[in-house]
Visitor: 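Shown below is the structure under consideration.
One-based numbering along the sequence shown.
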Amino acid sequence: MSNISRREIRDSAMKLLFETSMRDDPIDTLYEIAEEIDEITVNDAVRTLVDGTLAHLDELDELIQKYSPKRNIKRIPKLTLSILRLAMFEIQYDEKTPTNAAISEAILLAENYSYYEEDVRFINGLLGAYARELNAPDSAKS
């Protein structure tokens, strides 16, 4: 198997997470479909991001809602939500990914796939607010 970049891994993970928001199929079925059509990379690194994000979905959604006081999570476009969930998972659980890298990559995904500049700004603002609170000296990481 060829080496793929962390960016490509993240891109594939986001696409699979987006698919889970649009379909009722189990994630293993989506992995199989992705491998058959060969347009989305499925490897251990992608599975780790997707499975980890899905395992912590309720917690991640609570965080997203906390940092989105003006917009209910049900009104956030599914693509934007998929990008936010992935970035929040990386920030919370992937010690190898610096917070600023997760945010930069989320913004890049939004710029590549979102139709609206507003979605890019929303992702940047929400993740920025979250990161500032994480880095505040008087706040404890939950």
Visitor: To the closest 0.5 Å, what do you measure between CD1 (Ile76) and CG (Leu126)?
Guide: 7.0 Å
Visitor: Between Ser114 and Thr80, which heavy-atom pair has the shortest distance, and what is it?
Guide: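 Answer, listing the atom of Ser114 first, then Thr80: OG-OG1, 4.3 Å.
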Visitor: Would you check if the side chain of Asn135 reaches a backbone N or O of Ala131 as a donor-acceptor pair within less than 3.5 Å?
Guide: yes
Visitor: In Å and rounded to the nearest 0.5 Å, what is the CZ to NE2 distance from Phe89 to His56?
Guide: 5.5 Å
Visitor: Given Ile83, which partner from the list Leu86, Leu81, Leu79 fulfils the side-chain contact (heavy atoms from CB on, under 4.5 Å) test?
Guide: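 So, applying the side-chain contact (heavy atoms from CB on, under 4.5 Å) to Ile83 and each of Leu86, Leu81, Leu79, only Leu79 qualifies.
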Visitor: Locate the shortest heavy-atom distance separating Ile107 from Asn124; write the atom from each residue and the value.
Guide: CD1-OD1, 3.1 Å
Visitor: With a 4.5 Å cut-off on side-chain heavy atoms, are Ile91 and Thr97 touching?
Guide: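 In short, these two side chains do not touch, never coming nearer than 4.5 Å.
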Visitor: For residues 67-77, which residue pairs pass the side-chain hydrogen bond (donor to acceptor under 3.5 Å, both in side chains) check, not counting sequence neighbours?
Guide: Tyr67-Glu133, Arg71-Glu118
Visitor: If only atom types and distance count, is the side chain of Ser21 paired as donor or acceptor with the main-chain N or O of Phe18 below 3.5 Å?
Guide: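 Yes, because the side chain of Ser21 sits within donor-acceptor range (under 3.5 Å) of the backbone of Phe18.
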Visitor: If the condition is side-chain hydrogen bond (donor to acceptor under 3.5 Å, both in side chains), which residues does Tyr113 pass it with, not counting sequence neighbours?
Guide: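 Expected list: Asp11, Lys15.
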Visitor: In plain terms, say whether Arg47 and Glu35 are close enough for a salt bridge, that is, a side-chain N and a carboxylate O under 4.0 Å apart.
Guide: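 Salt bridge flag = yes for Glu35 with Arg47.
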Visitor: Can a donor-acceptor pair be found, under 3.5 Å and without considering hydrogens, that links the side chain of Ser104 to the backbone of Ala101?
Guide: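 Answer holds: no.
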Visitor: Would you call Glu90 and Arg10 a salt bridge, taking side-chain N to carboxylate O under 4.0 Å as the test?
Guide: yes
Visitor: Quick one: closest heavy-atom pair of Ala106 and Ala87, and the distance?
Guide: CB-CB, 3.8 Å
Visitor: Please evaluate residues Leu54 and Leu17 with respect to the criterion side chain to side chain contact (heavy atoms under 4.5 Å, CB included), reporting the C-alpha separation (whole Å), side-chain torsions for both, the decisive distance (0.1 Å), and the verdict.
Guide: CA-CA 8 Å; Leu54 293 174; Leu17 289 168; 3.8 Å; yes
Visitor: If you measure from CD1 on Ile27 to CG on Asp51, what distance do you get to the nearest 0.5 Å?
Guide: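 Taking CD1 in Ile27 and CG in Asp51, the distance rounds to 6.5 Å.
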Visitor: Establish whether Ile73 and Met88 are linked, either directly or via other cluster members, by ILVMFWY side-chain heavy-atom contacts under 4.5 Å.
Guide: yes
Visitor: Can any side-chain N or O of Thr29 pair as donor or acceptor with the backbone N or O of Asp25 at less than 3.5 Å?
Guide: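 Not confirmed, Thr29 side chain does not pair with Asp25 backbone.
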Visitor: Check whether Glu8 reaches the backbone of Ser5 with its side chain - one donor and one acceptor, N or O, closer than 3.5 Å.
Guide: yes
Visitor: What's the separation between atom OG1 in Thr41 and atom CD1 in Ile4, rounded to the nearest 0.5 Å?
Guide: 4.0 Å
Visitor: Check the pair Glu105 / Leu108 against side chain to side chain contact (heavy atoms under 4.5 Å, CB included), numbers first and verdict last.
Guide: CA-CA 5 Å; Glu105 291 294 322; Leu108 189 63; 4.2 Å; yes
Visitor: What do the steps show when you test Tyr93 against Glu59 for side chain to side chain contact (heavy atoms under 4.5 Å, CB included), and what is the final call?
Guide: CA-CA 12 Å; Tyr93 296 102; Glu59 174 193 343; 2.4 Å; yes
Visitor: Could you check whether Glu36 and Tyr31, counting side-chain N and O atoms only, form a donor-acceptor pair closer than 3.5 Å?
Guide: no
Visitor: Can you name the residues that form a salt bridge (Lys or Arg N to Asp or Glu O under 4.0 Å) with Arg85, not counting sequence neighbours?
Guide: Asp61
Visitor: Between CG of Leu84 and CE of Met14, what distance do you get to the nearest 0.5 Å?
Guide: 11.5 Å
Visitor: With rounding to the nearest 0.5 Å, note down the distance linking CG in Asp119 to CG in Leu109.
Guide: 13.0 Å
